[in-house]
Amino acid sequence: MAINKKAKVIVSPDAISGKFYSKRRFLHSITTEWPEIPQERLLEIEHSGSIGDDIFIIAHIPQIHPMPEGNQHLFVQDAHGQYIQDDFRHELALYTDGLLFTGCAHSGLENILAACPLPVNTVVGGFHLLDNHESEAKLSELSYRLADAYPQTQFYTSHCTGDAVFAILQSVMGNKIHPFSCGTTINNMTDNIRLVSITPDDKEQFILDNQRAFKYGAQTMFGMRDDRMEEGEEVISRKTIERSMNGEHAETYRIICDGNVVGGLILQIDQQHAKGELEILFVNPEAHSKGIGQAAWKAVEAMHPEIRVWETITPYFEKRNIHFYVNRLGFHVVEFWNKFYHGPSVPEDIEENWSEDDEMFVFRKVIESV
């Protein structure tokens, strides 16, 4: 803080006002002395919520799962000067884009995970599981619960997770848990994303996966509503998907991650005019919030460096997609199709089925010349 004079400091007001103590051999203060900084730099968090830029802060973590045994040594001084067991109401956790940062996790790793309302791909932090405090039986039970409840999540821990504790956790969790230290590089799963041209045998499953992904998005927003469906209770019809796949300049790919199919996309490439259209991009619902869509798009741009202008469309209600295209991929909204305007660029099959309630955004991304 002596070096950085302007960054916001995210903190619980209970951390600023509290007097904290540790008692091992003797009672001693571990209270942080706050430096003199302008009040406007302090972003005091009293309730869980987003603070913008895809950063979510978790506060007042409910203690519904077992707490770490090491907490028995930690106290806070109350208004009457008495030393009482610290309840860690001052502890915060941070979430961004699939990553959950636990800090020291005095509130308990399971409690922090349970308090996070968003999909967690990776957990990083201390777990406050000290050697000679936690029993081997309890650690094994914790390991099995984490492996069962979070089968797609990777755990990275250091600091207040003991070496003996780590060995017990790893004996159950295997390659789902890793140690880290200063300088450790964590390779995101999206480093292993590949685009593979679709095969004739996979065409039917591609269509079904596409429909399932689109329906999931609509149901998440609206529930089951007939006026959001094209045909056969599908948000996107087979006709629409096949029209895209059969386009004169169409390229259809599966998105592969670590050998597993996790989504798909369809491009229309106009080499003559250096223009491309992203007609369809979907990620399987169980693979959401892991950076797969963004990694797939990077692979598209790398595959077609000759394309200078990209366009795509998405319904107005798909907030996840709008956020993805604008904030993640760098597209801009250039048109809004609605009952007052749906110009000549609307695809023929969409025009045929247009109703006055239909509303869609057109996005464009211009690749600047190097």
Taking the side chain as everything from C-beta on, heavy atoms only, tell me whether Thr153 gets closer than 4.5 Å to Thr122. no

What class does the angle between the rings of His47 and His60 fall in, given that below 30° is parallel, 30 to 60° is tilted and above 60° is perpendicular? tilted

Applying the salt bridge (charged side-chain N to carboxylate O under 4.0 Å, His left out) criterion to Arg364, which one of Glu311, Glu335, Glu277 satisfies it? Glu311

Minimum heavy-atom separation for Pro68 to Ala105, with atom names? CG-O, 3.7 Å

Over 60° means perpendicular and under 30° means parallel, so classify the ring planes of Phe20 and His90, tilted if in between. perpendicular

Partner residues of Phe206 under the ring pair (Phe, Tyr, Trp, His ring centres under 6.0 Å) criterion, sequence neighbours left out: Phe282

Counting distance only, does the side-chain N/O of Asn284 pair as donor-acceptor with the main-chain N or O of Glu286 below 3.5 Å? no

Does the side chain of Tyr253 pick up a donor-acceptor pair with the side chain of Glu251 at under 3.5 Å? yes

With sequence neighbours left out, write down each residue that passes ring pair (Phe, Tyr, Trp, His ring centres under 6.0 Å) with Phe363, or none if nothing qualifies. Tyr325

Polar side chain donor-acceptor pair, Glu44 to Gln39, under 3.5 angstrom: yes

Could you tell me if Gln63 and His65 have a donor-acceptor pair between their side chains, going purely by distance under 3.5 Å? no

Taking the six-membered ring for Trp, are the ring centroids of His178 and Phe180 within less than 6.0 Å of each other? no

So which atom in Gln211 and which in Arg238 form the shortest heavy-atom distance, rounded to 0.1 Å? NE2-N, 3.5 Å

